Novice: 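Please see the structure below; I have some questions.
Note that the coordinates shown come from a computational prediction; the quantities given were computed from them, not determined experimentally. Order of the sequence lines sets the chain letters (A, B, ...), proteins ahead of strands, with each chain counted from 1.
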Protein chains: 2
Amino acid sequence: MTTIGFETHDHHACVSETMAKAESRCAAQDLRLTPVRRRVLELLLAEHRALGAYDILGHLSAEGLGTQPPVAYRALDFLVKAGFAHRIEALNAYIACTHLGKDHAPAFLICRSCQSVAESGTALTQGRLGDAARAAGFQIEHTVVEAQGLCPACQPQDAA
Amino acid sequence: MTTIGFETHDHHACVSETMAKAESRCAAQDLRLTPVRRRVLELLLAEHRALGAYDILGHLSAEGLGTQPPVAYRALDFLVKAGFAHRIEALNAYIACTHLGKDHAPAFLICRSCQSVAESGTALTQGRLGDAARAAGFQIEHTVVEAQGLCPACQPQDAA
DNA sequence: CTCCAAATGTTATAATATAACGCTTGTTAG
DNA sequence: CTAACAAGCGTTATATTATAACATTTGGAG
Ligand SMILES: [Zn+2]
Ligand SMILES: [Zn+2]
Ligand SMILES: [Zn+2]
Ligand SMILES: [Zn+2]
């Protein structure tokens, strides 16, 4: 068990299960998890933190998998479209999905101190914004919900 | 009355009231609404749409108020910090606040077709994300809530 | 008037993202 | 088999968004 993300969990299992789910979903939906795409997903999964496209590119380039921006952006676009990763708008960065398989509208808790990100679900269409949207006749297609603040580990401690 | 934003409203009054509120709040809080800042707020207020920093800069430059990026970014930073404008993360763009004076956590409905933006309130800390945050011990400082979709005017019509 | 802080002008550059085009590879129809 | 095609990839170039840094101006406090 390690504390990656906000909660202690078996991260090794978390990674391998997610990779397995991604594999099987690609097989089922005739998507191609090519070496670059697979490696980018692994990189995103390694820590529960958001990585910028150029961070990814740095890793890829060090591993001989590509040196130019489009390499990273193409892989990230694929992962996002396939639902294997999400883009964090407030950070211009990307993170692996931790709810792979479930149909979900993701919401994120982003620590401004350690950059950890936790993915949660949202029920936006049932809350006040959903009411406002219905009242205005607005048709919601996609939601961005990101809360920034301090994760438990980064909050000032009272301990002497 | 004009349909700027999703709802018909007296936009002329909407603009002048907001400018007046901004003026009086600057007076009260010893903030300086300089010509550039004032003009940028007027530009943002003119339509209920989000404008990019370089759109703003284009206007300023045409009006002789400044030609370099920092001019626009400084004014926008001031307006955002003062609470007179909000940044839309999903668009890398800015919009005038329509709830000036009220203490609020803004949420936005963004039309992908006409780029209109409506500002609504959110009660994020009371919803599922708030529950998740409390459960994890995460301290929320700032929220980004943006719904993208189609405004009433841009939805396909059945009319013959 | 002098000093200081805030605002502005300006140059340069950083960080993020995409357009475009040609090559490779793997699949499939003939 | 092999021509035709689509998806992915390599590469160059460029677009878009944002900030660092430093000199100058401005407006008030002492
Ligand atoms: Zn994990
Ligand atoms: Zn997810
Ligand atoms: Zn209005
Ligand atoms: Zn507002």
Side-chain angles (χ1 to χ4, degrees), chain A residues 22-23 25-41 43-44 49-82 84-95 110 115 144 146, chain B residues 22-23 26-27 29-41 43-44 49-82 84-95 110 115 144 146:
Chain A
E23 298 268 10
R25 211 159 117 190
C26 281
Q29 298 186 16
D30 203 29
L31 299 173
R32 293 170 54 187
L33 195 60
T34 63
V36 182
R37 293 170 176 180
R38 172 176 242 285
R39 186 66 188 127
V40 172
L41 181 52
L43 289 169
L44 291 177
R49 293 203 303 119
L51 295 180
Y54 283 76
D55 294 333
I56 296 287
L57 184 58
H59 285 281
L60 292 181
S61 151
E63 297 171 13
L65 285 170
T67 58
Q68 301 305 319
V71 174
Y73 283 103
R74 282 167 183 159
L76 290 167
D77 285 352
F78 168 84
L79 295 173
V80 169
K81 278 193 187 126
F84 299 163
H86 300 295
R87 177 177 161 86
I88 308 288
E89 295 293 344
L91 302 178
N92 293 333
Y94 302 82
I95 190 162
I110 305 163
Q115 284 79 52
V144 174
E146 303 172 0
Chain B
E23 298 267 10
C26 281
Q29 298 186 18
D30 203 29
L31 299 173
R32 294 170 54 186
L33 194 60
T34 64
V36 182
R37 294 170 176 178
R38 173 177 241 285
R39 186 67 188 125
V40 172
L41 182 52
L43 289 168
L44 290 177
R49 293 202 305 118
L51 295 180
Y54 283 76
D55 294 334
I56 295 288
L57 184 57
H59 285 281
L60 292 180
S61 151
E63 297 172 13
L65 285 169
T67 58
Q68 302 304 320
V71 174
Y73 282 103
R74 283 166 182 161
L76 289 166
D77 285 351
F78 168 85
L79 295 173
V80 168
K81 278 193 187 127
F84 299 162
H86 300 295
R87 176 176 161 86
I88 307 290
E89 295 294 345
L91 301 178
N92 294 332
Y94 302 83
I95 191 164
I110 305 164
Q115 286 80 51
V144 174
E146 303 172 1

Novice: Could you give the CG-to-P distance, from B:Leu76 to C:dA7, as a whole number of Å?
Specialist: 15 Å
Novice: Measure from CG on B:Leu79 to C1' on C:dA7 and round the result to the nearest Å.
Specialist: 14 Å
Novice: Which pair of heavy atoms, one from A:Val71 and one from A:Val36, lies closest together, and at what distance?
Specialist: CG1-CG1, 4.0 Å
Novice: Which distance, rounded to the nearest 0.5 Å, do you find between the CG of A:Asp55 and the CZ of A:Arg49?
Specialist: 8.0 Å
Novice: Could you run down nucleotides 17-25 of chain C 5' to 3' and tag each one B, S or - for protein heavy-atom contact under 4.0 Å?
Specialist: BBBB-----
Novice: Please report the closest heavy-atom contact between A:Arg32 and A:Phe78, naming both atoms and the distance.
Specialist: O-CZ, 3.7 Å
Novice: Can I get a per-line list of side-chain donor-acceptor pairs under 3.5 Å for residues 56-64 of chain A, giving both atom names and the distance, sequence neighbours left out?
Specialist:
residue	atom	partner	partner atom	Å
A:Glu63	OE1	A:Arg39	NE	2.7
A:Glu63	OE2	A:Arg39	NE	3.3
A:Glu63	OE2	A:Arg39	NH2	3.0

Novice: Give the rounded distance in Å between these two atoms: CG of A:Leu57 and P of D:dC9.
Specialist: 14 Å
Novice: How many whole angstroms separate atom CG of A:Asp30 from atom P of C:dT27?
Specialist: 10 Å
Novice: Partners of A:Glu89 by side-chain hydrogen bond (donor to acceptor under 3.5 Å, both in side chains), sequence neighbours excluded?
Specialist: A:Arg87
Novice: Using a heavy-atom distance cut-off of less than 4.0 Å, which residues of residues 59-68 of chain B contact DNA chain D?
Specialist: none
Novice: Could you tell me which non-hydrogen atom of A:Ala82 sits nearest to which non-hydrogen atom of A:Leu31, and how far apart they are?
Specialist: CB-CD1, 4.1 Å
Novice: Please state how far atom CZ in B:Arg37 lies from atom P in C:dA6, giving the value in whole angstrom units.
Specialist: 11 Å
Novice: Shortest non-hydrogen contact from A:Leu44 to A:Tyr94?
Specialist: CD2-O, 3.5 Å
Novice: Output the distance between atom CD1 (A:Ile88) and atom CG (A:Leu51), rounded to the nearest 0.5 Å.
Specialist: 11.0 Å
Novice: Restricting to salt bridge (charged side-chain N to carboxylate O under 4.0 Å, His left out), what partner residues turn up for B:Arg37, sequence neighbours left out?
Specialist: none
Novice: Specify the closest pair of heavy atoms between B:Ala93 and B:Gly52, including all atoms of both residues, with the distance to one decimal.
Specialist: CB-N, 4.0 Å
Novice: Give the rounded distance in Å between these two atoms: CG of B:Asp55 and P of D:dT17.
Specialist: 8 Å
Novice: Where do B:Cys26 and B:Phe84 come nearest, in terms of heavy atoms and distance?
Specialist: SG-CE1, 3.6 Å
Novice: Please tabulate the protein-to-nucleotide N/O contacts below 3.5 Å involving nucleotides 24-27 of chain D, giving atom names and distances.
Specialist:
none

